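Quantities reported herein were computed from a predicted structural model and do not represent experimental measurements. In listed order, ligands and their atoms are each counted from 1.
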Amino acid sequence: MDFSLSDTERDIRDWVRTFVQRELMPLESEVLRRERAGERGLPKEQLAQLRDKARQAGFWGVQTPEEYGGMDLSAVMAALIEIELGRTFVPFSFGGYADNILYHANEEQRQRYLLPTIEGERKSCFAITEPGAGSDAKNIRTTARKEGSEWVIDGEKTYITGGIDADFALVFAVTDRDRGADGGVTCFLVDRDMGWKSEPIEIMGPPDRMPASLVFDGVRVPEGNVLGEVGRGFALAMQWIGRGRYLLPARALGGCERLVEMAMEHSQSRETFGAPIADRQSIQWMLADSAVEIESLRWLVLQAAWQIDSGMDSRHAQSIAKLYGGTRANEIVDRVMQIHGGMGYTRELPVERWYRDLRLLRIFEGTDEIQRRTISRNLLKGHASVSGVLG
Ligand SMILES: Cc1cc2nc3c(=O)[nH]c(=O)nc-3n(C[C@H](O)[C@H](O)[C@H](O)COP(=O)(O)OP(=O)(O)OC[C@H]3O[C@@H](n4cnc5c(N)ncnc54)[C@H](O)[C@@H]3O)c2cc1C
C-alpha cells in the first residue's frame with residue numbers, strides 16, 4: 001500500500017502551497033478588517049485578479065474537463081488542493097468551475113449557461129432548500145405548472161448560497177405532485193431577469209457565506225430551460241449534493257492544521273506560573289488529540305477521494321469524512337481557542353472567525369444527523385461494511 005504522492009501531485013500541491021503563502025496569506029488582515037466592517041472578504045475585482053494570476057500559471061478549472069479548458073485533475077489532487085486553500089481563511093477558490101449538473105445542458109443551454117459560468121462571466125446558485133424542506137428535501141413545495149410553451153414557478157427557496165448575486169438559479173420544483181421526488185421534480189434554469197427576487201439572510205459566519213431566500217411569484221420560464229428531463233430533477237439534485245462532499249472536510253482540515261500550528265506557537269511562548277503553558281499536560285493532550293484527529297481526517301478524506309478515482313461508489317466514505325470532519329474540526333477550533341485563553345475569544349486573532357465559520361460544516365450539505373442516518377442505513381442494509389473497502 002503506497003501512501004506517498006507522485007512527483008506531479010507533489011509539484012501541484014507545492015505550487016498551491018506557495019500561491020497560498022505568497023498571494024493569499026498576506027491579505028488576511030485586510031480580509032478581517034473588511035469582514036468586520038460587514039463587507040465581503042475581498043472586492044470582486046481583486047478576486048478576479050487573483051484568479052487571472054493563477055490562470056496565467058495554468059491553474060484554472062481544477063476538476064473541469066479538458067475539453068472545456070480545465071485541468072481535469074483527480075479527486076485526490078482536488079482534495080490536496082482544498083487542504084492547502086484551507087490553510088488560510090481568505091475566501092478564495094480557483095476559477096473555471098461550473099456546477100457538475102450543468103454538464104447535462106443541451107447545446108443551447110451550454111452556450112447560455114455552462115460556458116459563461118466556467119468563464120466566470122455568469123454566476124449560478126443551487127436552490128432546493130425551502131422553509132419547510134431542508135434535510136427532508138423530498139418534501140419541497142415549490143411548484144411549476146405548464147402554460148403553453150412556458151412553465152410558471154411559484155414558491156420560496158431559503159439559505160441559498162450565492163443567491164444574493166447569482167445571475168441564474170438551478171431551481172428544483174414539483175411538476176407532478178403525485179409522483180413527488182420519484183419522477184415528479186424538475187430542475188429549471190431560471191435567470192434573475194425572469195423575475196425572481198432575493199433577500200439576504202444574516203448569519204453568524206463571514207459575509208461571503210451569506211445566503212439568500214429566493215421568491216418565485218408566478219415566474220415564467222421557457223420550456224427550453226428545463227435542465228435534463230422533466231421529472232428527473234431530484235436525481236440531479238442528489239448528483240449536485242454528492243459532487244464533492246469530501247472537499248468540505250478537506251478545506252476544514254487545512255484550517256485545522258493552521259490553527260494547531262498557531263496553538264503550538266502560542267503555548268510555547270505564553271508563560272503562566274513560571275513556565276510555558278506547553279509544559280502542562282492538559283495543553284499537551286489538547287495538541288496531541290488534535291494531531292490524531294487531523295491525521296485521521298486526512299486519511300478519511302483521501303480515501304474517499306481515492307475511491308472516486310478508482311470508480312467506486314464513494315458515498316459512504318464521503319459521508320464518514322464529512323461527519324468526522326465537521327465534528328472534529330469544531331472540537332479542534334474550540335481547543336485552539338481554549339489554548340489562546342482570552343486572546344482566542346477576541347477579534348485580535350482569526351480563531352473566533354474560524355470558530356464561527358467551521359460551525360456551518362455540521363449543518364449544510366447534510367447535517368451531522370443526516371450523515372449518521374446515511375452511514376447507519378448503509379451498514380444495516382448491507383451496502384457498506386464496518387470492515388471498510390478492504391474488508
Ligand atoms: C449558510 C448556509 C448555506 C446553505 N446553502 C444552501 C444552498 O446553496 N442551497 C440549498 O438548497 N440549501 C442550502 N442550505 C440549506 C442546508 O442544506 C439546510 O439548512 C440543511 O440541509 C438542514 O436543513 P434545515 O435547515 O431545514 O434543518 P432541518 O432539516 O429542519 O433539521 C433540523 C435538525 O433536525 C435534525 N434532523 C432532521 N431530520 C432528522 C432525522 N431524520 N433524524 C435525526 N435528526 C434529524 C437535523 O440534523 C437538524 O439538527 C444552506 C444552509 C446554510 C445555513
Open item on the list: Run T374 and R315 through side chain to side chain donor-acceptor pair (under 3.5 Å) and show every step you take.
Closed with: CA-CA 9 Å; T374 305; R315 286 175 295 179; over 6 Å; no

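A salt bridge (charged side-chain N to carboxylate O under 4.0 Å, His left out) check over residues 366-377, counting only residues at least two apart or in different chains, returns the pairs R362-D368.
V152 is not connected to F216 by any chain of hydrophobic side-chain contacts under 4.5 Å among Ile, Leu, Val, Met, Phe, Trp and Tyr, and they are in different clusters. Cluster annotation: I140 is connected to V190 through the hydrophobic network of ILVMFWY side chains, with a link wherever side-chain heavy atoms come within less than 4.5 Å.
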Find all protein N or O atoms under 3.5 angstrom from an N or O atom of ligand 1 and list the pairs with distances, or write 'none'.
unit_1: ligand 1; atom_1: 5 (N); unit_2: Y159; atom_2: O; d: 2.8
unit_1: ligand 1; atom_1: 5 (N); unit_2: T161; atom_2: OG1; d: 2.8
unit_1: ligand 1; atom_1: 8 (O); unit_2: T161; atom_2: N; d: 3.0
unit_1: ligand 1; atom_1: 8 (O); unit_2: T161; atom_2: OG1; d: 3.4
unit_1: ligand 1; atom_1: 9 (N); unit_2: F126; atom_2: O; d: 2.8
unit_1: ligand 1; atom_1: 11 (O); unit_2: I128; atom_2: N; d: 3.0
unit_1: ligand 1; atom_1: 11 (O); unit_2: T129; atom_2: N; d: 2.9
unit_1: ligand 1; atom_1: 11 (O); unit_2: T129; atom_2: OG1; d: 3.0
unit_1: ligand 1; atom_1: 12 (N); unit_2: T129; atom_2: OG1; d: 2.6
unit_1: ligand 1; atom_1: 14 (N); unit_2: Y159; atom_2: O; d: 3.3
unit_1: ligand 1; atom_1: 23 (O); unit_2: S135; atom_2: N; d: 3.3
unit_1: ligand 1; atom_1: 29 (O); unit_2: S135; atom_2: N; d: 3.0
unit_1: ligand 1; atom_1: 29 (O); unit_2: S135; atom_2: OG; d: 2.6
unit_1: ligand 1; atom_1: 47 (O); unit_2: T367; atom_2: OG1; d: 2.6
unit_1: ligand 1; atom_1: 47 (O); unit_2: E369; atom_2: OE1; d: 2.6
unit_1: ligand 1; atom_1: 49 (O); unit_2: E369; atom_2: OE1; d: 3.3

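Between Y103 and Y68, the distance from one ring center to the other falls under 6.0 angstrom.
By the 4.5 Å heavy-atom criterion applied to side chains, N225 and F188 are not counted as neighbours.
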